[in-house]
Amino acid sequence: MGKQTQNFVAMVFSVAWVILVALCKITAESTIESEALLRWKASLPDQPILQSWATAAQSNSSTAQSPCGWRGITCDAAGNVTEINLAYTGLRGTLAKLDISSFRNLLRLDLKVNQLTGRIPENIGIVSKLQFLDLSTNSLNGTLPLSLANLTQVYELDVSRNNITGELDPQLFPDGTNQSKTGLISIKNLLFQDTLLGGRIPNEIGNLKNLVLIALDGNSFYGPIPPSLGNCSELSILRLTENQLTGPIPPAIGSLSKLTDIRLFTNKLSGPVPQGLGNLSALTVLHLAENNFTGQLPPQVCRGEKLVNFTAAFNSFTGPIPESLRNCKSLYRIRLEYNQLTGYINQDFGVYPNLTYIDISHNKLKGEISPAWGACQKLSLLRIGGNMIRGKIPDEILQLNQLVELDLSSNQLSGEIPKQIGNLSALSILRLNENKFSGQIPADIGMLSNLQSLDLSGNMLSGSVPSQVGDCSKLQSLNLSQNSMNGTIPYQIGNLFALQDLLDLSYNSFSGEIPSQLGRLTNLITLNISHNNLSGSIPNSLSDMLSLSNINLSYNNLEGPLPVGNIFNSAKPEDFSNNKGLCGKIQVFQPCNTSTAEPGGGNKNRKRVIIVVASLGSALFASLMLVGIFVFLSKKISKYASKEEESPANCEEPFSLWYFNGKIVYDDILEATKNFDGTYCIGEGATGKVYKAEMPGGQVLAVKRLRSQVDGIGIEGSKTFLNEIAALTETRHRNIVKLHGFSSRGIHTFLVYEFMERGSLADMLRSDKEAIELDWPKRAEIVKGVAQALSYLHHDCVPPIIHRDISSKNVLMCSNLEAHVSDFGTARILEPDASNWTAFAGTYGYAAPELAYTMAVTEKCDVYSFGVLVLEVLMGKHPGDLISKMQAQHVESINIKDILDSRLPPPIEQKTADELMNLALSCLQDSPQSRPTMRSLAQLLEVEISHA
């Protein structure tokens with residue numbers, strides 16, 4: 001063999017050996033990675049999304065050992081795992097057993113929008129090649145690992161919407177020298193939104209030279225905005241909203257020419273806004289609202305003519321409207337309300353072809369409403385109340401056919417209300433109160449078929465109320481008080497079945513009798529027809545108004561007996577004072593002559609006998625149920641009592657005290673609430689008031705004090721109290737408000753719950769700012785959370801529990817906007833084969849239709865209420881008569897895009913919205929048997945939302 005041949009053979013063997021070694025190395029690394037993934041899988045709850053993760057022994061495939069074909073796993077050409085992407089899969093468990101060190105070539109780890117708990121692995125920084133890390137929207141806790149500083153190649157880091165605590169350590173950022181080899185050197189997108197982080201924002205954050213987006217909103221950061229951010233020349237998006245930041249905006253921010261989006265609202269920032277912000281020609285979004293800013297707004301804020309969204313509401317800005325806004329045709333949304341801005345509304349604003357929302361109310365603006373506003377054809381909300389605007393409503397305003405809310409209240413507007421008001425077919429809210437309008441209410445107001453709130457109070461209107469008002473079938477609040485109207489109250493108002501919040505006709509000159517048809521307004525809460533010239537008797541039908549909790553019929557010429565029942569059993573004498581000759585059982589009134597015949601004669605008396613007998617039967621039933629629940633709870637309470645070291649000394653009352661965290665908290669609760677002082681009250685429901693209690697150790701609790709009776713707990717109080725305890729002492733679910741303890745001692749009867757920072761879902765949907773925060777993915781998660789809670793109550797509790805009062809008021813939101821079902825005061829524990837007949841307990845507008853003719857309560861009542869809630873989440877408001885349309889099988893005529901909450905942009909995943917609409921429809925079937933179970937609904941939502 002020649003030398004050349006020998007060299008060639010040697011070379012071939014050498015290459016082959018290198019290839020063989022490389023192949024062995026690749027196989028070894030692949031095996032290490034697959035084994036690491038399988039060990040992690042074994043530590044997680046069993047879940048279908050990981051079914052493809054199998055060993056060779058579990059599959060006939062020769063490549064089963066390689067993870068490259070597994071769900072969510074991506075490999076490079078050499079077979080190394082470069083990407084783990086299980087986002088939006090509903091993944092449950094922890095990261096504790098994920099051996100991150102096994103993935104030396106990992107470039108992307110994406111686990112966002114799942115159900116992971118526990119801590120972020122301390123050694124996460126060992127994956128030094130990582131470029132993308134997203135763990136957002138889980139339930140991770142603990143602090144940020146300092147090893148993150150080793151991720152020098154990562155360009156996006158997102159741990160938003162978790163329960164991460166602690167402060168931002170300066171070591172996470174480079175030291176500012178060119179030789180820096182640690183810290184998030186390459187970071188472009190840094191997102192720590194809606195966590196529990198706090199402390200000061202380190203000044204070292206300005207060393208992130210490549211930073212494009214920083215989002216620290218929804219945390220507890222305090223102190224100043226670091227001036228060093230002015231060094232981040234590539235910065236495009238700056239989001240620091242909803243913190244506790246103080247001091248001025250650093251002037252250097254105004255030099256960042258690439259800034260397009262600045263969001264600083266809801267902080268404690270102060271001082272003047274740097275005029276340099278007006279030099280940012282790329283600016284599209286600027287949010288300064290809800291701070292303590294003073295001085296003038298930057299005059300050139302729309303210099304680049306790209307500004308889309310501008311808010312500076314709830315500050316102390318003075319001076320004129322920025323001159324650049326007049327010709328800022330790019331504007332979609334502007335909010336400047338509650339400042340001290342001056343100028344003339346007809347001179348300082350122009351024509352905005354894309355504008356949908358403008359609120360400049362509660363300033364010091366003068367002038368008249370310009371006809372040019374009529375050219376803003378896309379306008380859906382126009383609020384200019386609380387200024388000094390004069391003149392009439394121009395006809396051009398009445399051509400805005402997309403206008404949903406028109407608020408011109410508290411100005412000096414005059415003239416008549418134009419009859420063309422009926423052209424505003426989309427109008428839902430109309431506020432013209434506290435002006436100088438005169439003349440009659442135009443009959444065309446009845447054409448506003450979508451109107452939900454009408455306030456014309458505090459004007460100089462005269463004449464009678466047009467009967468066409470009764471055609472506004474969606475009206476929930478009607479206020480015509482403090483005018484000079486006369487004539488009789490039209491009976492057609494009794495057709496406004498949606499009236500819920502208010503009917504106020506007080507301080508007018510109405511005469512004649514109170515229409516008995518008003519008794520049909522069974523959802524109405526407040527009725528005020530005081531200070532008129534009404535005569536005759538009070539219709540007995542008013543006692544049928546089940547939701548009525550406030551009534552005022554004083555200062556009229558009414559006479560005869562007061563009706564009996566509902567509001568008339570709890571009203572105060574002053575609610576009926578200064579009338580001609582009322583009689584009844586209310587204090588200060590003369591007793592009625594019992595021999596006086598009533599309309600209906602013997603039938604009326606017979607009806608009263610039936611009511612008395614029925615009441616006695618109900619009382620007997622309540623007593624028997626109370627005894628049963630007391631026995632049930634005695635067994636439950638004995639378990640807790642046996643665990644305590646000693647019993648309270650004062651135990652003459654049942655359940656005198658219950659220990660909480662090893663100590664008696666009764667006195668601490670009284671101290672924390674200053675003996676239930678009204679200043680600590682944060683809410684009120686049918687069964688009592690809720691107070692915020694900050695305990696000595698720093699823990700914040702919600703204390704629900706049940707309505708007291710003389711000499712301790714009365715029968716109804718005990719029933720409510722024991723029902724709620726029975727329902728909650730044994731329940732443990734992440735979407736159910738946790739009961740910490742309870743006390744029944746003398747007149748103080750209260751329940752102690754975990755505190756929900758964000759309040760109720762109802763309040764959030766009612767607030768424009770908070771409703772926008774509830775974007776479509778969050779709303780889908782809320783629906784899913786409530787479904788899981790109800791599924792647990794119906795199917796996993798023994799005996800099953802029916803909530804009976806599912807509504808947006810009883811869904812509370814924690815800091816990370818996770819839904820928690822609350823208020824079990826009406827909960828009903830179901831015993832197998834037992835009769836579940838009971839009086840109505842719930843919220844009108846959510847109750848199942850069968851409760852109108854039967855008192856049989858089943859789980860399907862909760863299912864119906866859940867369907868109403870789903871529609872409310874989609875629409876951003878109670879669905880009202882949309883439910884009747886759906887039940888009448890007119891669903892085909894409903895375009896879901898038309899009913900979705902207009903305050904949000906259309907959902908990216910329209911399929912999810914469609915699925916939720918169909919789900920709600922299935923819950924709202926007239927027949928309870930046709931409605932699905934909560935377990936099937938929860939399972940469906942788990943699949944649909946997790947894969948959305």
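Under a 3.5 Å cut-off, the side chain of Arg903 and the backbone N or O of Gly876 do form a donor-acceptor pair. Looking at Asn450, its side chain never comes within 3.5 Å of a backbone N or O of Ser428 through a donor-acceptor pair. Distance alone, capped at 3.5 Å, places no donor-acceptor pair between the Ser481 side chain and the Ser457 backbone. Asp471 places no side-chain N or O within 3.5 Å of a backbone atom of Gly446 that could act as its donor or acceptor partner. Distance alone, capped at 3.5 Å, is enough to place a donor-acceptor pair between the Asp862 side chain and the Arg804 backbone. A donor-acceptor contact shorter than 3.5 Å links the side chain of Asn556 to the backbone of Ile529. Side-chain atoms of Asn423 do not come within 3.5 Å of backbone N or O of Ile421 as any donor-acceptor pair. No donor-acceptor pair under 3.5 Å is formed between the side chain of Asp901 and the backbone N or O of Leu874. A side-chain donor-acceptor contact under 3.5 Å links Asn579 to the backbone of Leu553. No donor-acceptor pair under 3.5 Å is formed between the side chain of Asp575 and the backbone N or O of Pro573.
Under the side-chain contact (heavy atoms from CB on, under 4.5 Å) criterion, His531 pairs with Tyr507, Ser554, Tyr555, sequence neighbours left out. Under the side-chain contact (heavy atoms from CB on, under 4.5 Å) criterion, Glu405 pairs with Leu381, Arg383, Asp407, Ile429, Arg431, not counting sequence neighbours. Residues satisfying the side-chain contact (heavy atoms from CB on, under 4.5 Å) criterion with Phe568, sequence neighbours excluded, are Ile538, Leu542, Ser543, Ile551, Pro563, Phe576. Considering only residues two or more places apart in sequence or on other chains, Phe676 meets the ring-ring contact (aromatic ring centres under 6.0 Å, His included) condition with Tyr691, His748, Phe750.
Salt-bridge formation is detected for the pair Asp763/Arg766: a Lys NZ or Arg NE/NH1/NH2 atom is positioned less than 4.0 Å from an Asp or Glu carboxylate oxygen. Taking a cutoff of 4.0 Å between a charged side-chain nitrogen and a carboxylate oxygen, Arg758 and Glu770 qualify as a salt bridge.
Each of Leu461, Val465, Val469 was evaluated against Leu480; a single residue qualifies, Val465, per the side-chain contact (heavy atoms from CB on, under 4.5 Å) test. None of Asn479, Ile525, Leu524 except one satisfies the side-chain contact (heavy atoms from CB on, under 4.5 Å) rule with Leu503; the exception is Leu524.
Leu496 places a side-chain heavy atom less than 4.5 Å from the side chain of Leu478. Taking 4.5 Å as the limit, every side-chain heavy atom of Asn486 sits out of range of all side-chain heavy atoms of Asn508. Within the 4.5 Å cutoff, the side chain of Ser361 has no heavy atoms near those of the Ile384 side chain.
Between Tyr864 and Pro849, the closest heavy-atom pair is CE1-CD, 3.3 Å. Pairing each heavy atom of Asn550 with each of Thr526, the nearest pair is ND2-OG1, 3.2 Å.
With hydrogens and angles left out, the side-chain atoms of Asp805 and Asn810 include a donor and acceptor closer than 3.5 Å. Under 3.5 Å, the side chains of Tyr846 and Ser808 contain a donor-acceptor pair of N or O atoms. Between Asn557 and Lys580, the side chains place no donor N or O within less than 3.5 Å of an acceptor N or O (distance only, hydrogens not considered).
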Side-chain atoms of residues 393-403: list all donor-acceptor pairs with protein atoms under 3.5 Å, sequence neighbours left out, distances to 0.1 Å.
none

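Sorted pairs that involve residues 452-473 and meet ring pair (Phe, Tyr, Trp, His ring centres under 6.0 Å), not counting sequence neighbours, are lacking altogether.
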